[in-house]
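Numbers restart at 1 for each chain; the letters A, B, ... are given by sequence-line order, proteins then strands.
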Amino acid sequence: MERGIFYWIGFLLQEFWPNFWKGTLITIQISVLGTVLGFLLGFLIGIFYSTPAHPNDNTAKKILLRFEKALCLIYVNVFRGTPMMVQAMIIYYGLRTYGVAITSFIAAILVVLLNTGAYMAESVRGAIHAIDNGQFEGGKAMGMSHLKIMMSVVMPQVFRNLIPEMGNQFITNLKMTSVLNVVGISELYFVTKTTANIYYKYFEAFLITGMIYLVLCTLASQLLKLLEKKMAGKNEYEIAAEYLVQ
Amino acid sequence: MAIITVSHLSKSFGKNEVLKDIDFCISKGEVVCVIGSSGSGKSTLLRCMNLLEIKTSGTVSFHDKEIGGSQRRVNEYRSKVGMVFQSFNLFNNMNVLQNCMSGSRKVLGRSKQESKTLAIKYLKKVGMAPYINAMPAQLSGGQKQRVAIARALTMEPEVLLFDEPTSALDPEMVGEVLAVMKELAAEGLTMVIVTHEMAFARDVSDRTIFMDQGVIAECDVPERLFTNPSNPRTKEFLTRFIAS
Ligand SMILES: Nc1ncnc2c1ncn2[C@@H]1O[C@H](COP(=O)(O)OP(=O)(O)OP(=O)(O)O)[C@@H](O)[C@H]1O
Ligand SMILES: [Mg+2]
């Protein structure tokens, strides 16, 4: 008698749950590490990119700044303009060819990080640009340095405005890690393929994996909504009664 | 003795010469109002005075020392010369109290406690102390501007520059801001005020400046400038203003 899909799903889960579990953990590790480090990189480049040239700088310094900005631009365009899978192959095998043996885990994180960094750099630059110039001038007029204005006035606003975007990026990364199986990292997609191969049960195995991705992404987006709500602050403020007219 | 001296100041935006060889100074305790038609260069003059705009030529001196050179010196100067903007420019990510404490803490390096005490002192002065927990977005225009004034005062500057502080306000809120400024004037705070409020200018200023097409067309005590101006352009401006 043919056994139905529910039987096989149950069977696969029972027999191979450690595989799915390990794959899920690796997927989470790569996405979280890659995304967080990528955000850092993106913020650094975005901030650097938005730094105005100082009028008192000498020519050499100005040229250097131009050059560095051009490098950033190249980086952003290369990583936004090529598929992640291709980047993974080039970074993993390329580095090996030149004698830098990195593990596939490191390679995977590197790819996610560099991708996220490129996308975030552009978003951060745009978000800084969108902050009203009055915010800068208010700080300048009090004698704040550019760095202080950025740290205490502009970036907190930019960060808050970018939370939805960062959430999207994280969810995209969770799913995009599946292409990294090309460098032999045993993330969720990879383990599913090998597990399915044992009994030739592709449909059932990938149904399980689809569910796992769905749960991960749903959890992530719920967490983000919570964070957004928290960052939005209260709608009302309390009157400080002790200072009402004496 | 002059606190700020502006001499031979010129400023061009591209080919457009907006300020032409301006000479002007302000002494301790003086209140100077700057009037003039739109586009005459009033804001640009004020912005050049605290180096928000880079002058084309001429000098700005503070206690007879020329300001410029290192950004550190510029920032130190700015911490002693406050500015209040038409558009308030309160920090959107901070509540009223944090806004007022920000410069005191981050620029002057005062302690948290001292900054708070000063901030509250000046918030009380402008009648905004009960609102310390409010965010700028939760305030009316007049309230925002009073907080902006308190924020500038918390730095305890030697001079306060105002660029049309009431022009972005609904008419019913203009009065509350002008009242605060009048009080400051009475207390002897040194102020340069760009304004379109003629009655106010006449009332508070020790000297009134009429700007026209990038030059100081007339500078006199308000009693003379408003009633018997020597420059026909001043007269023309004032009659046009009264007519409208
Ligand atoms: N950033 C800028 N770039 C180019 N031109 C400018 C800039 N800022 C001001 N100007 C020009 O300089 C002239 C003077 O402007 P300014 O803002 O100083 O006038 P104002 O007297 O303050 O006018 P208002 O009463 O309307 O505020 C105007 O012709 C204006 O178009
Ligand atoms: Mg103006």
Side-chain angles (χ1 to χ4, degrees), chain A residues 43 51-58 61-62 65 124 127-163 227-246, chain B residues 46-47 50-54 68-99 102-108 120 123-124 127-139 148 151-152 154-155 157 161 163:
Chain A
F43 270 93
T51 310
H54 198 281
N56 294 342
D57 282 351
N58 55 31
K61 224 172 162 185
K62 273 181 188 154
L65 196 70
V124 171
I128 292 174
H129 194 74
I131 297 286
D132 177 29
N133 195 36
Q135 298 287 302
F136 288 90
E137 291 206 330
K140 273 197 222 170
M142 285 198 294
M144 285 192 190
S145 64
H146 180 76
L147 187 71
K148 276 183 187 148
I149 298 174
M150 287 304 271
M151 296 308 285
S152 57
V153 179
V154 177
M155 290 323 287
Q157 296 180 44
V158 164
F159 185 83
R160 214 181 100 175
N161 294 346
L162 283 180
I163 289 177
L227 181 66
E228 228 176 301
K229 226 180 189 171
K230 205 161 176 186
M231 294 282 289
K234 279 177 285 187
N235 268 331
E236 295 162 11
Y237 58 89
E238 267 175 51
I239 289 285
E242 66 267 38
Y243 300 123
L244 284 172
V245 193
Q246 311 77 348
Chain B
L46 223 54
R47 292 169 60 80
N50 74 352
L51 288 82
L52 280 178
E53 222 55 88
I54 299 166
S70 78
Q71 192 60 43
R72 257 186 77 153
R73 280 200 51 211
V74 171
N75 286 342
E76 195 193 330
Y77 164 71
R78 282 175 177 160
S79 71
K80 294 174 186 162
V81 178
M83 176 126 178
V84 174
F85 300 86
Q86 182 175 346
S87 50
F88 329 123
N89 295 350
L90 291 176
F91 302 137
N92 293 329
N93 59 319
M94 302 181 191
N95 68 22
V96 166
L97 183 62
Q98 289 163 337
N99 258 289
S102 60
S104 175
R105 294 215 63 199
K106 296 199 167 85
V107 179
L108 303 178
I120 289 188
L123 280 167
K124 274 185 181 161
M128 285 301 291
Y131 298 87
I132 48 175
N133 300 316
M135 298 302 282
Q138 297 167 323
L139 301 175
R151 179 174 75 171
T154 305
M155 300 287 287
L161 312 176
D163 189 7

Portion of [X] that has a non-hydrogen atom of chain A nearer than 4.5 angstrom:
{"X": "B/Asn50", "value": "side chain"}
{"X": "B/Arg72", "value": "neither"}
{"X": "B/Ile120", "value": "side chain"}
{"X": "B/Val84", "value": "neither"}
{"X": "B/Ser104", "value": "neither"}
{"X": "B/Phe85", "value": "side chain"}

Given heavy-atom pairs under 4.5 angstrom as the criterion, report whether the side chain, backbone, both or neither of A/Lys148 touches chain B.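 Looking at A/Lys148, just its side chain touches chain B.
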For the residue pair B/Tyr131 and A/Tyr237, does the interplanar ring angle fall in the parallel (under 30°), tilted (30 to 60°) or perpendicular (over 60°) class?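 Tilted, since the angle between the ring planes falls between 30° and 60°.
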Residue pair [X] / [Y], side-chain heavy-atom distance below 4.5 Å:
{"X": "B/Arg78", "Y": "B/Val107", "answer": "no"}
{"X": "A/Ile128", "Y": "A/Met155", "answer": "yes"}
{"X": "A/Ser152", "Y": "B/Lys106", "answer": "yes"}

At a heavy-atom distance under 4.5 Å, which candidate from A/Pro156, A/Ala240, A/Ser145 has the highest pair count against chain B?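 Max contact count across the listed options: A/Ala240.
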For chain A, the option from B/Met94, B/Met83, B/Arg151, B/Glu76 that forms the most heavy-atom pairs under 4.5 Å: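 So the answer, after comparing B/Met94, B/Met83, B/Arg151, B/Glu76, is B/Arg151.
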Just by modelled atom types, is the B/Gln98 backbone N or O under 3.5 Å from a matching donor or acceptor in the B/Asn95 side chain?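 Yes, because the side chain of B/Asn95 sits within donor-acceptor range (under 3.5 Å) of the backbone of B/Gln98.
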Basic-acidic side-chain contact under 4.0 Å: B/Arg47, A/Glu137: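 A/Glu137 and B/Arg47: salt-bridged.
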Quick one, B/Asn89 with A/Phe136, criterion side chain to side chain contact (heavy atoms under 4.5 Å, CB included). Give me CA distance, side-chain angles, the key distance, then yes/no. CA-CA 8 Å; B/Asn89 295 350; A/Phe136 288 90; over 6 Å; no
